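Note that this is a predicted model, so its numbers are computed, not measured. What you see below is based on every heavy atom in this structure, not just the backbone, and it leaves out hydrogens, waters and symmetry mates.
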Amino acid sequence: MLVPEGSLKWDILRTTSSTFNFTSGDWQANFASQNNMLFRGHTLVWHEALPAWFPQTANGQNAERILREHITTVVGHYAGKMHSWDVVNEVIASWYGLPNGMRPSPWLTFLGESYIDTAFRAAAAADPDALLVFNMNHLEYNSQGVKNMRVDTLKCLRRLKDANVPVHALGIQAHLDPNDGSFNAGEFRIFLQDVAGLGLKIMITELDVTDQSLPGDITVRDLTVAGMYEEFLSVALENPNVIAVLTWGLSDKYTWLSTYKARKDNAAVRPLPLDENFNRKLAWNAIARTFDKAPRR
Ligand code: XIL
């Protein structure tokens with residue numbers, strides 16, 4: 001399954017407030033179809049990657065129209081070709097202390113929490129076949145902050161289901177990072193069961209492992225990274241509602257973490273299953289093992 005890291009974000013699609021530029025997204029959609037891959041959309045609503053015109057143009061009066069127009073046009077453009085859409089991305093950030101753990105964003109300021117409902121309803125109307133995903137970061141590990149994120153995410157998903165909002169799946173980004181604490185299998189298992197209990201599918205959408213603060217020695221680092229993949233995925237895949245695992249990139253040659261989570265010793269980061277020469281690393285084997293052991297679905 002192919003997911004563009006940037007092509008379907010607002011800053012690429014919406015260079016002006018009145019136009020849509022699908023050049024890059026269409027190239028990727030064609031690549032996927034020519035190579036018999038599914039295609040996945042990321043993302044319709046995010047507090048980041050908003051174009052420069054947005055803060056100058058959007059306000060409480062026109063924000064709903066702008067949101068609906070964007071979703072109707074973009075989802076409509078790829079209708080019938082999209083496996084799933086990340087309709088909203090990272091909309092909860094409990095550490096800010098806002099009601100229901102909502103993340104501060106222009107959408108929240110202009111429209112209140114119901115922008116989430118509006119986004120899902122507009123996406124469903126524009127493509128009745130795509131799986132509509134509520135995509136989230138910081139849900140995997142066990143710091144107090146992450147525990148709060150799980151509670152607030154479940155609360156929000158429950159509210160959406162109760163209101164018959166067409167949300168079909170939770171996306172768990174899974175940018176695994178020791179800064180988020182450590183992995184607690186029991187707690188994560190229960191979280192997945194709670195999500196599945198709401199009738200939602202689950203996708204692991206952006207898996208990688210931050211090696212920023214791991215030892216420099218490559219053998220040690222690769223072993224630790226592989227262990228983190230295996231520990232997480234072996235539990236995630238126990239739950240039959242987990243329908244997909246996607247990594248955020250394939251090779252260490254191209255990864256957002258080389259800029260976002262660079263190492264202090266300036267060594268190249270090694271977060272992905274393939275090394276910078278596209279050779280399989282221990283992480284590849286670890287992922288393969290968890291797939292082999294996973295119950296069939
Ligand atoms: C990252 C991309 O990988 C980068 O290329 C881009 O510059 C910034 O965004 N969570 C998300 C993704 O939901 O959109 C982010 O992708 C990584 C973190």
Side-chain angles (χ1 to χ4, degrees), residues 1-3 5 37 40 42 135-143 145-147 149-150 170-192 202-297:
M1 194 184 302
L2 178 75
V3 54
E5 285 191 40
M37 300 167 87
R40 181 171 151 62
H42 174 84
N135 201 45
M136 277 297 302
N137 54 350
H138 300 298
L139 291 176
E140 304 80 15
Y141 278 4
N142 222 26
S143 65
V146 170
K147 289 178 200 241
M149 291 287 275
R150 286 197 288 264
L170 172 66
I172 297 178
Q173 291 185 0
H175 294 295
L176 303 182
D177 186 342
N179 282 326
D180 278 350
S182 56
F183 186 62
N184 181 308
E187 286 196 29
F188 191 65
R189 204 174 271 133
I190 288 171
F191 175 68
L192 296 184
I202 298 162
M203 298 180 71
I204 308 301
T205 49
E206 304 183 17
L207 181 59
D208 56 18
V209 175
T210 302
D211 70 345
Q212 186 176 45
S213 18
L214 297 181
D217 183 281
I218 285 180
T219 315
V220 177
R221 222 183 329 150
D222 283 2
L223 250 177
T224 310
V225 166
M228 288 168 71
Y229 272 106
E230 191 155 5
E231 171 185 65
F232 173 76
L233 277 183
S234 57
V235 174
L237 289 170
E238 285 172 4
N239 192 305
N241 282 36
V242 175
I243 57 163
V245 175
L246 291 93
T247 54
W248 203 240
L250 288 171
S251 152
D252 294 337
K253 187 168 185 180
Y254 305 110
T255 162
W256 72 302
L257 293 171
S258 51
T259 42
Y260 283 76
K261 296 279 170 74
R263 292 176 55 85
K264 290 204 180 58
D265 62 8
N266 286 324
V269 297
R270 302 178 64 82
L272 285 165
L274 301 178
D275 72 11
E276 66 284 4
N277 300 312
F278 298 87
N279 294 315
R280 296 175 181 187
K281 293 158 57 192
L282 293 176
W284 175 287
N285 301 331
I287 295 169
R289 266 197 303 276
T290 66
F291 287 176
D292 287 343
K293 287 189 194 147
R296 294 203 77 79
R297 64 260 286 147

For Asn277, the side-chain contact (heavy atoms from CB on, under 4.5 Å) test, sequence neighbours excluded, returns Asp275, Asn279
Please collect all salt bridge (charged side-chain N to carboxylate O under 4.0 Å, His left out) contacts where either partner lies in residues 240-251, sequence neighbours excluded, each pair once. none
Who are the side chain to side chain donor-acceptor pair (under 3.5 Å) partners of Asp217, not counting sequence neighbours? none
Across all chains, not counting sequence neighbours, the side chain to side chain donor-acceptor pair (under 3.5 Å) partners of Asn241 are none
For residues 236-258, which residue pairs pass the salt bridge (charged side-chain N to carboxylate O under 4.0 Å, His left out) check, not counting sequence neighbours? Arg189-Glu238, Asp252-Lys281
Side chain to side chain donor-acceptor pair (under 3.5 Å) filter on Glu187, not counting sequence neighbours, yields Lys147, Arg150
For Trp284, check side-chain contact (heavy atoms from CB on, under 4.5 Å) against everything at least two apart and list the hits. Pro273, Leu274, Arg280
Which pairs, with at least one residue in residues 254-263 and sequence neighbours excluded, count as a salt bridge (charged side-chain N to carboxylate O under 4.0 Å, His left out)? Asp177-Lys261, Arg263-Asp265
Which residues satisfy the ring-ring contact (aromatic ring centres under 6.0 Å, His included) test with Tyr141, sequence neighbours excluded? none
Qualifying salt bridge (charged side-chain N to carboxylate O under 4.0 Å, His left out) pairs, either residue in residues 283-297, two or more places apart: Glu230-Arg289
Mind checking ring-ring contact (aromatic ring centres under 6.0 Å, His included) for Tyr260 and listing every partner two or more places apart, or none if nothing turns up? Trp256
Provide the full list of side chain to side chain donor-acceptor pair (under 3.5 Å) pairs with a residue in residues 219-228, sequence neighbours left out, each pair given once. Asp211-Arg221, Asp222-Arg270
